[in-house]
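Beneath this line is the structure, given in structure tokens, with notes to follow.
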Number of protein chains: 2
Amino acid sequence: MEYHLISADSHVNPPPTIWREYLGSEFRDRAPRLESTDEGDFQVFEGRRTPILGINAMAGRKFEEYSLTVRRLSEQRPGGWDPAERLKDQDMDGVQAEVLYGGGPLQTQDAALRHAFHLAYNDWLADFCSTDPKRLLGVAYIPCETVEGAVAEVRRTARKGLASALIPRFPPSGEWFEPQWEALWNTLVEVGWPAALHVGGRGREAGMPKTDAAGFMSDLLMSKFAMGEATAILVLSGVLERHPELRVISVEGQIGWLSFAHYYLDHLWERHRYWTGSKLKEPPSYYFRRQVYATFMEDPVGLRECRHIGVDKIMWSSDYPHSETTWPRSKELTADWFKELEAGDRRAICADNARRLYHL
Amino acid sequence: MEYHLISADSHVNPPPTIWREYLGSEFRDRAPRLESTDEGDFQVFEGRRTPILGINAMAGRKFEEYSLTVRRLSEQRPGGWDPAERLKDQDMDGVQAEVLYGGGPLQTQDAALRHAFHLAYNDWLADFCSTDPKRLLGVAYIPCETVEGAVAEVRRTARKGLASALIPRFPPSGEWFEPQWEALWNTLVEVGWPAALHVGGRGREAGMPKTDAAGFMSDLLMSKFAMGEATAILVLSGVLERHPELRVISVEGQIGWLSFAHYYLDHLWERHRYWTGSKLKEPPSYYFRRQVYATFMEDPVGLRECRHIGVDKIMWSSDYPHSETTWPRSKELTADWFKELEAGDRRAICADNARRLYHL
């Protein structure tokens with residue numbers, strides 16, 4: 001198979017109905033379920049009744065018709081959970097392969113149930129991707145309550161044919177650079193998987209409602225920038241220096257801020273390396289350029305700066321079926337956005353970097 | 001006076017001794033004081049004994065000799081509090097004028113004392129700047145517990161000859177876009193002052209120690225990015241649309257991330273303006289380019305992007321005497337950094353934008 005266009009960040013949206021099938025039997029009676037009423041469809045879990053999120057599945061809608069939630073599950077594109085529909089949508093979009101995130105474990109205070117959600121989601125995703133493993137690359141959601149649990153789930157999901165590991169931007173307690181996590185980094189290198197950090201909320205914790213214009217958009221902007229913090233800590237603390245084979249991906253964080261982060265961290269390191277006792281042998285940007293990948297959708301600023309960031313480290317993504325997706329115009333839009341780039345750079349960003357990273 | 005080089009962000013470091021002189025008489029017995037012991041100098045306030053911060057006054061030191069605190073107050077350059085020494089230092093650096101921040105009110109739980117600190121600091125700064133008002137432009141620290149207090153202090157300090165108003169990035173409670181703050185924006189426009197938002201901490205709230213390499217530097221990086229959040233909220237919420245004459249400054253936030261923020265907020269606004277109910281008539285970047293200034297020290301990324309950011313909105317600063325300062329080589333360094341720019345752009349960034357903004 002020849003790859004011309006790989007989406008390095010796309011999303012599945014598993015419906016509430018998967019949990020009853022995939023959760024371990026001891027948890028099955030506590031599985032979230034779908035409730036359809038005259039008011040609409042709802043997910044019911046732990047006594048909470050929540051509407052179906054829509055803003056993460058707006059593919060194909062006009063901007064004027066975007067909404068935070070949808071009334072019926074059927075208003076979402078079935079490509080979010082049906083692999084055959086998915087592949088049809090991707091054919092229409094000219095995308096040969098996708099790296100699949102999203103719709104991971106549900107939030108719960110119960111640690112055992114949370115762990116079970118991870119396993120269930122990964123099992124469901126492995127089945128989903130088995131439809132066409134050369135085109136559907138599933139990212140396992142790794143439970144990181146303990147390093148033993150994390151390592152075991154990396155090994156288990158690698159055997160099941162998944163393609164990569166998502167870990168939280170920050171561990172549930174402590175820091176990624178503490179010694180107990182060495183076993184996780186070693187395992188990831190051993191199975192040949194990158195560690196993916198996905199964008200998430202990072203706005204001001206208190207105050208702003210997140211659904212008005214100022215709150216929602218400033219929060220999204222900050223969530224992109226916050227990928228700089230998570231990746232900088234891995235670089236500055238020496239995790240990437242100690243594991244030169246480890247690859248890290250900033251997923252959905254865009255790239256237009258990255259050359260500034262490289263430059264400015266070097267600038268700080270020159271000045272503050274002595275009194276802070278930094279042990280890095282090279283400036284921070286050296287490790288970023290060697291080991292930190294980043295995905296983006298549309299980003300003209302990042303493209304102007306791409307030679308400074310490192311053309312071999314940035315990967316285009318369609319973000320299907322999220323609200324920022326380029327679907328169904330990915331081929332035409334990327335051809336237009338990347339037309340000023342040299343052919344080799346264009347190929348690297350559109351497919352080759354991802355192809356190599358995921359051993360396709 | 002002809003201005004070739006204006007530092008749009010420099011710092012005073014008032015010593016603990018000023019409070020006894022400048023605090024209102026009813027608070028004077030609670031004023032912080034300086035305690036000199038064999039171990040070193042300390043500020044004593046509300047029962048806490050804290051060493052003298054050094055990292056904000058490293059001008060002239062080698063990077064190898066940077067330290068978080070200093071043993072003796074006398075290890076700091078006296079230009080931090082002595083205007084005559086200050087002007088000598090600036091002559092040496094080729095800087096004609098400076099906009100002065102820093103060393104504002106101390107933290108305390110006592111609201112009345114906090115208010116008194118603002119007034120005392122502003123009075124001290126007005127005296128400091130009166131030595132040469134054409135070269136020393138003081139920024140009043142505006143107490144924003146109530147809008148009435150804020151408005152009164154803007155008027156009072158404007159009469160005393162200060163040059164601008166520093167307000168917190170976010171108000172102590174609520175949001176800047178709430179109706180009660182209209183009186184503050186109207187007053188600032190009336191006295192011809194910009195509203196300055198200064199960079200401050202914005203790293204991960206919990207966890208990381210802020211004095212190891214990873215914690216300190218990732219926190220500084222995030223503090224720059226966080227200026228995007230504070231300014232974006234003023235733009236997206238319509239404050240700048242409602243007050244087209246109001247100018248806002250992102251101080252010490254650097255500029256290399258700004259073209260991405262402009263682009264990405266426009267991108268989000270196009271998609272999410274409908275369901276979030278945005279009332280803006282123009283895309284966010286329109287208001288940024290019209291009303292939002294930003295200061296920087298060294299920033300090659302921002303200079304590559306300066307035409308996209310808006311050459312009339314970025315202002316160089318020496319950051320004297322902070323650890324990132326260009327002192328005593330500002331003239332030589334700016335000549336080198338800005339040599340690729342057109343002469344008009346260079347003049348705008350080095351002096352003209354600030355000259356106009358501060359009515360010099």
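Using a 3.5 Å distance cut-off with no hydrogens or angles, the side chains of Asp93(B) and Ser330(B) do pair a donor with an acceptor. A donor-acceptor pair shorter than 3.5 Å cannot be found between the side chains of His272(B) and Trp269(B).
With a 4.5 Å cut-off on non-hydrogen atoms, Tyr274(A) touches chain B through its side chain but not through its backbone. Only the side chain of Ile55(A) comes within less than 4.5 Å of a heavy atom of chain B; its backbone N, CA, C and O stay farther away. Contact of Ser67(A) with chain B is made through the backbone alone, with heavy-atom distances under 4.5 Å. Residue contact with chain B, scored on non-hydrogen atoms closer than 4.5 Å, involves the side chain of His308(A) exclusively.
A donor-acceptor contact shorter than 3.5 Å links the side chain of Glu75(A) to the backbone of Arg72(A). Side chain of Asp319(B) to main chain of His322(B): no donor-acceptor pair is present (N/O by atom type, distance under 3.5 Å, no hydrogens or angles). Judged by distance alone, the side chain of Asp299(A) and the main-chain N or O of Ile255(A) form a donor-acceptor pair under 3.5 Å. With hydrogens and angles ignored, the 3.5 Å screen pairs a side-chain donor or acceptor of Thr295(B) with a backbone N or O of Glu252(B).
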Kindly determine whether Trp316(A) and Trp337(A) satisfy ring-ring contact (aromatic ring centres under 6.0 Å, His included), including the steps that lead there. CA-CA 11 Å; Trp316(A) 172 80; Trp337(A) 293 338; 7.8 Å; no
Given ring-ring contact (aromatic ring centres under 6.0 Å, His included), test Trp257(B) with Trp257(A) step by step and report yes or no. CA-CA 5 Å; Trp257(B) 51 270; Trp257(A) 51 270; over 10 Å; no
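Proximity to chain A among residues 59-66 of chain B is limited to Phe63(B), Glu64(B), Tyr66(B), judged by heavy-atom separations below 4.5 angstrom.
Comparing Ser237(B), Ala232(B), Ser259(B) by how many heavy-atom pairs each has under 4.5 Å with chain A, the most go to Ser259(B). Comparing Gly256(B), Ala230(B), Gly238(B) by how many heavy-atom pairs each has under 4.5 Å with chain A, the most go to Gly256(B).
Ion pair Arg242(A)/Glu182(A) flagged as a salt bridge, since at least one NZ, NE, NH1 or NH2 atom sits closer than 4.0 Å to an Asp/Glu carboxylate oxygen.
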